[in-house]
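In this text, all values refer to a predicted model and were calculated from it rather than measured experimentally. Convention: sequence-line order gives letters A, B, ...; per-chain numbering from 1. Basis for what follows: all heavy atoms, side chains included, without hydrogens, waters or symmetry-related copies.
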Amino acid sequence: MTSVDATIGQRRDKRKASASSHLPDAHKAAENVVEKVNVTALVLQTTASLLWIPQAGLLSISVGTIAAGAGFHAALWPALGIFLLGALRAIADGAGARLAFRDARSRLSGMREKAVETAASASPLDTGRAASGLVASTLAEQAEAVVPYVAKFRPARFKAMIVPLVILACVFALSWTAALILLVAAPLIPIFMALVGWRAKEASERQLAEMGDMNAFLLDRLRGLATIRSFGAVDGTATRLRRNAEDLRRRTMAVLRIAFLSSAVLELFSALGVAMVAVYVGFHLLGELDFGAWGGKLSLAQGLFILLLSPAFFEPLRELSAVWHDRASGKAALEALQKLAAPGRPLPDALSAAPLAQAETPALSVTVEDLRFRFDEEAPLVFDAFSLDVKPGERIALLAPSGGGKSTLLALLAGLAKADAGTIRIGGEPMQERTAAKLRSQMAWVSQEPHLFAGTLLSNITLGRPLEAATVEKAIAAARLAPLAAARGNIPIGENGLGLSGGEALRLALARAAASPGAGLILADEPTAHLDSTTASGITQTLLDISVGRTLIVATHDPELASRMDRVIVLGQPVIQRSRP
Amino acid sequence: MIRDKNLRAVASLFLAGNRRHLAAGMALSLSTVLAGMALLGLSGWFITATAIAGLSLGTALAFDVFAPSAGIRFLALARTAARYGERIATHDATLAILAELRERLFRGWAEARAARALIARPARLLFRLTVDIDALDTLYLRVMVPLLSAMGAALAAAIALGFLSPLLGLATGLFLLTAGLGVPVLAARMARKPARRRAHALEALRARSIDLVRGQTELVMANRAGAQRAAILAADKRLAEADDDLNRIEAGSGVALGIAGSALLAAVLLASAQLAQAGAIGAPAAAFALLIGLTAIEPFTALRRGAVEIGRAMLAVRRIGPRLRVQERETPAAGQSCDGSIRLAHVSALHTGCDHPALYDLSLNIAPGERVALIGDSGAGKSSLLALLAGELMLTGGNIEASPATLLTQRTELFRDTLGGNLRLAAPAATDADLRLALEAAGLAEFVDTLPLGLNTLLGEGGAGLSAGQARRLALARLLLRGSPVWLFDEPTEGLDGKTARDVIARVFARAGHRTLIVATHIRREAEGADRILLMECGRVIRDARRGSAEYQDLLVGLRPD
């Protein structure tokens, strides 16, 4: 966390309130994504299900002809038809599923893009900015739940609306009794599921969420492994982990035993529905139940046709109930993505592709006039009518207690947020939306706890900038990073790799700054905090070395660092101390 | 070979004490499938038979309707019951596996070498661990269970049709096994690479998102935020491509199985027409055969999802397997003494993954009860020396004779547990009164008294809910409960305000008694109480000053004031 972030950390409680106000919007937007699924996919998948009707017809007619004594040859054409219809059915279903998938997947990419865009261009001074862990887990794992939900839910719902009705109509045309059996069984399913299931299901979802928590429990213990080992508590912790998991298993199973009843109801009614249709048709054909076929008597083929259609009548309901499971996580993922994509305080010109200033820039002057800034409307002013004048090549220390606005001022000078009023001029040019990226390219930034990017040490210095090898080498030498670069230059560091010590990380940040030949202004945010005195004085010296011929502004607590500057400015603002939530 | 070992490790995990559940889940799943097949087959036979019998009044009266109709009702109920039982049994088995898995993984990671690797790069390893655990579910739920029920269904179909005609039964069985298993196996092979690409792309997407947010200022200042956004979107594009490959394979195998099913159905129709023509079977048997042929392929379609997911699961097996295998015996590196004395002679030690030694030819004697401050620049070897004494670092040369030591790590490590539970980590048998005494000594008792739940107050992950100072005091109280003769501290008051820090240090020294105390530090307040200051550089002690000497004052003054 940079200190800019640290300042904001204290104000994070506010964002929860504002985040929840986005909720209804996010909810609606999530619904919209589902409703916009490709119509062709719906039609294809529904058609596939409906193709079973002619296939079943051919099957029953064939059995009828076999019963009538017709031979092998009479079955040839129906067999071919059954095969072709079946193949067509498989292809239509596969094609529909593919279309729906691709559609859902491209939507996910679009939503990820929007969320990334917002995350990249939200000012670090935005109090509502989402934390990195949340952004990463929402963008990566949680977002994955979007695809199955969006790709399957609407097709399944559409099928559940159309297919049973069409089948019912077919059955009704032949036998109103069979249709009535199906008609009675079907609505009973949701009713009984509601009676037995919904609440139990909610409980089971909670329980399963708790099961997911077991992962968190394991990770929590693994993170403190050094302590657990030191206390010789490995065995005890492992046993405890096991006992918790077993406890949870017992409780979860108790809930699931009830929750699964709801799907058992679905199974029961569809199985009983099929069985009753079969028994009714059988008795009807025997002549024992001679009602229900519009006054006539069903033929064998008609009876079989009804039997074959009955399971297909329930199938879409079963599918919908299976997809229902994806719904909760899918909706949550959609809403989380929408929330990430909601814009906050902008970082001016954040994503500009303005070319880097490559040529050496002379030392820049910095002027601030009547600056006013506050974090949000209810927060007190951090700066009010603040002015500052720094000559080219001057070295300035900004002193203030924590929360006094040092880091905020640095961020405003760097154009990381828009001031509420007043002007900031860098080298005479005003800091504005369209000049921000260009002005930033003439500055270098040194933060107190530099972020280590996933990559090598070298890539952490260049940050992907098109730098010449000689520039990088000079920067490494200037930051006195050469021994480390020689030993570990190509070993992964950062999120996926090893860490660096505080001093090494600071030297890395200095090398990053030194590798900006176009920087005429260096902004350093408490570069010696968290360092031991030997390391701190080394860093101070290096910072002075690389800022030769440049303007240097340092926010600091460190009296020794401050004493090495040309001028010390004590920020006279009212101190805003807020306790962490 | 290695993969085999890992797979065996995972298999043994699945089977440990779980055979009954696993078998019950699979047997019930098979019963569900068979009952479903029998229900349709019997119904088809029944309708056809009644239709034929119903043609004349005489046969209609003679027809036994009750046995088959009772059979149909029984199968409908049996299918429901089996399905319910299957879901219960498979979930119970999965939960049991997860419980076992967590315990074993914890033990596996807690073993010395793994623990060091984990502490060195926690973010990636812990993240991988969670996704790998989730991926293992696939093996039982989506591969083993459907595989068994599909094979069982194929066998049942072959036997049922074999009664009508042995040749038809044999051909059906062979076709089901070839097509029904062949398609998923082929799909699994094709999906192996995309499944891995997918796992890696997801990891990249995650790491790059973290970099974007946490390194945003650095990126924006270097004009690289746009490039980082592009890098994240590139990871998503790779992810989308892998997703698409997997979906194509899954959909493709669905189509293939659908076509195979239709071919089977058409073939059974032709075969039964032929058999009926030859007088070998009647129309009811033909209907029965058709309905069996219709339902037999369906269980194989359930294998599709497992087929595309097994690649990911095998990656998890490869990563998790080594941690599940029998662990190395931990040999204490130190000769043991119990009086709190420490003797190191020409000790060298290496961190894994580093080629320069962390400690080099270090010789040192510390008397029982001595209080030592360990100072030096970052990287001088202070933490390595503490790790060595705590048994976390292996010797590569020299001799060590040390008493058991307990380390208070630099980062306060608390756990999601009650306050009391956090304390009892150090002393499982401690009474509430013991805990209270420790809390009092650490200066936290008053705070705990203000909590409505007191010692039973639940802390969040990593001890969330306490301020930094309170967390540090709690960690200190935990240490105080530990009776070991040597206490090691790594920058015990880093990040605390001066007043709290001094109070914490004073309490440590007050409670230490006869114990040996070693404090690694770069802050003056932490070293002030020491009898002896050791200055380290490049893995060795280069200066050794006792209280009262000019050198001691010198070293003390060189440290950072608050």
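- The parts of D235(A) that come within reach of chain B are both its backbone and its side chain, each placing non-hydrogen atoms under 4.5 angstrom from that chain.
- If you tally non-hydrogen atom pairs under 4.5 Å between each of T406(B), L291(B), D92(B) and chain A, the highest count goes to D92(B).
- Counting heavy-atom pairs under 4.5 Å between each of A273(B), G463(B), A475(B) and chain A puts A273(B) at the top.
- If you tally non-hydrogen atom pairs under 4.5 Å between each of A263(B), A96(B), A60(B), A227(B) and chain A, the highest count goes to A96(B).
- Under the 4.5 Å side-chain criterion, counting only non-hydrogen atoms from C-beta, H451(A) is not in contact with Q216(B).
- Across I88(B) and F260(A), no two heavy atoms sit closer than the pair CD1-CD1, 3.6 Å.
- Taking a cutoff of 4.0 Å between a charged side-chain nitrogen and a carboxylate oxygen, E413(B) and R223(A) do not qualify as a salt bridge.
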Could you give me the CA-CA distance, side-chain angles and deciding distance for L202(B) and E144(A), then say whether side-chain contact (heavy atoms from CB on, under 4.5 Å) is met? CA-CA 9 Å; L202(B) 194 61; E144(A) 292 292 294; 4.1 Å; yes
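- The two residues A140(A) and L205(B) come nearest to each other via the heavy atoms CA-CD2, 3.8 Å.
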R112(A) and L239(B): CA distance, side-chain angles, deciding distance, side-chain contact (heavy atoms from CB on, under 4.5 Å) verdict: CA-CA 12 Å; R112(A) 273 196 175 128; L239(B) 189 59; 3.5 Å; yes
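- Residues Q55(A) and S262(B) form a side-chain contact, since some pair of their non-hydrogen atoms from C-beta on lies under 4.5 Å apart.
- With a 4.5 Å cut-off on non-hydrogen atoms, L108(A) does not touch chain B at all.
- The shortest distance between side-chain heavy atoms of L452(A) and D211(B) does not fall below 4.5 Å.
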Stepwise, does the side-chain contact (heavy atoms from CB on, under 4.5 Å) test hold for L351(A) with V220(B)? CA-CA 8 Å; L351(A) 298 170; V220(B) 168; over 6 Å; no
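- Between the R98(A) side chain and the A251(B) main chain, no donor and acceptor come within less than 3.5 Å of each other.
- Taking L75(B), T409(B), T412(B), L265(B) one by one and counting their heavy-atom pairs under 4.5 Å with chain A, the maximum is reached by L265(B).
- Salt-bridge formation is detected for the pair D236(B)/R105(A): a Lys NZ or Arg NE/NH1/NH2 atom is positioned less than 4.0 Å from an Asp or Glu carboxylate oxygen.
- Options V277(A), V281(A), L59(A), L308(A) differ in how many heavy-atom pairs under 4.5 Å they form with chain B, and the most are formed by L59(A).
- Side-chain contact between V234(A) and E111(B) is absent, with no heavy atoms from C-beta onward closer than 4.5 Å.
- Comparing A87(A), G273(A), A444(A) by how many heavy-atom pairs each has under 4.5 Å with chain B, the most go to A87(A).
- For chain B, the option among A350(A), G236(A), S352(A) with the highest count of heavy-atom pairs below 4.5 Å is S352(A).
- Between R229(B) and E113(A), no side-chain nitrogen of the basic residue sits less than 4.0 Å from a carboxylate oxygen of the acidic one, so the salt-bridge criterion is not met.
- Both the backbone and the side chain of S137(A) come within contact range of chain B, each with at least one heavy atom under 4.5 Å from a heavy atom of that chain.
- At distances below 3.5 Å, not a single donor-acceptor pair connects side-chain atoms of E246(A) with backbone N or O atoms of A99(B).
- Counting heavy atoms from C-beta outward, V135(A) and L212(B) have side chains that stay 4.5 Å or more apart.
- Put simply, the side chain of R214(B) does not reach to within 4.5 Å of the side chain of F453(A), judged on heavy atoms.
- With respect to chain A, the highest number of heavy-atom pairs below 4.5 Å among L559(B), L101(B), L294(B), L414(B) belongs to L294(B).
- Note that the CD1 atom of I228(A) and the CZ atom of F106(B) stand 4.0 Å from one another [nearest 0.5 Å].
- Checking side-chain atoms of R478(B) against main-chain N and O of F231(A) turns up no donor-acceptor pair under 3.5 Å.
- Under the 3.5 Å distance criterion, the side-chain polar atoms of E103(B) are left unmatched by any main-chain donor or acceptor of T239(A).
- When the shell of 6.0 Å around CZ of F283(A) is examined, it contains more than 12 heavy atoms from other residues, nucleotides or ligands.
- In this structure, G54(B) and K297(A) approach most closely via the heavy-atom pair O-NZ, 3.5 Å.
- Only the side chain of L241(A) comes within less than 4.5 Å of a heavy atom in chain B; its backbone stays farther off.
- Note that CG of L268(A) is 11.0 Å distant from CZ of R79(B), once rounded to the nearest 0.5 Å.
- Side-chain atoms of K237(B) and S109(A), non-hydrogen and from C-beta on, never get closer than 4.5 Å to each other.
- How far CG of L300(A) is from OG1 of T50(B): 8.0 Å, rounded to the nearest 0.5 Å.
- No other option in G94(A), A271(A), S230(A) has as many heavy-atom pairs under 4.5 Å with chain B as S230(A).
- Each of T138(A), L222(A), T65(A), D93(A) has some count of heavy-atom pairs under 4.5 Å with chain B, and the biggest count is that of L222(A).
- For R240(A), the part sitting under 4.5 Å from any heavy atom of chain B is the side chain, from C-beta outward, and nothing else.
- Using a 4.5 Å cut-off between heavy atoms, L347(A) contacts chain B through its side chain alone, with no backbone atom that close.
- In this structure, chain B has a heavy atom under 4.5 Å from the side chain of P311(A), while its backbone stays farther away.
- Of all heavy-atom pairs between A278(A) and I72(B), the closest is CB-CD1, 4.2 Å.
- Only the backbone of S121(A) comes within less than 4.5 Å of a heavy atom in chain B; its side chain stays farther off.
- Using modelled atom types, one finds no donor on one side chain facing an acceptor on the other under 3.5 Å when comparing S441(A) with N223(B).
- Put simply, of D417(B), L408(B), L129(B), L105(B), the one with the most heavy-atom pairs under 4.5 Å next to chain A is D417(B).
- The closest donor-acceptor contact from the side chain of Q277(B) to the backbone of F72(A) lies under 3.5 Å.
- Contact annotation for V279(A): both backbone and side-chain heavy atoms come within less than 4.5 Å of a heavy atom of chain B.
- Taking each heavy atom of A51(B) and L285(A) in turn, the nearest pair found is CB-CD1, 3.5 Å.
- Checked by atom type and distance alone, the side chain of Y84(B) pairs as donor or acceptor with a backbone atom of R257(A) at under 3.5 Å.
- Separation of atoms CG (L290(B)) and OG (S62(A)) is listed at 7.5 Å; rounding is to 0.5 Å.
- Taking CG of L77(B) as the reference point, atom CG of L272(A) lies at 5.5 Å (rounded to 0.5 Å).
- Here the shortest heavy-atom pairing between G232(A) and R482(B) reads N-NH2, 4.1 Å.
- Using a 4.0 Å cut-off between charged nitrogen and carboxylate oxygen, R416(B) and D220(A) do not count as a salt-bridge pair.
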I would like to know whether L269(B) and I66(A) meet side-chain contact (heavy atoms from CB on, under 4.5 Å); could you show each step before the answer? CA-CA 10 Å; L269(B) 172 60; I66(A) 290 174; 4.3 Å; yes
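- Considering CZ of F101(A) and CG of N247(B), their distance stands at 4.0 Å, rounded to 0.5 Å.
- For R221(A), the parts lying under 4.5 angstrom from a heavy atom of chain B are both the backbone and the side chain.
- Residues L139(A) and R206(B) have side chains not in contact (no heavy-atom distance under 4.5 Å, counting atoms from C-beta outward).
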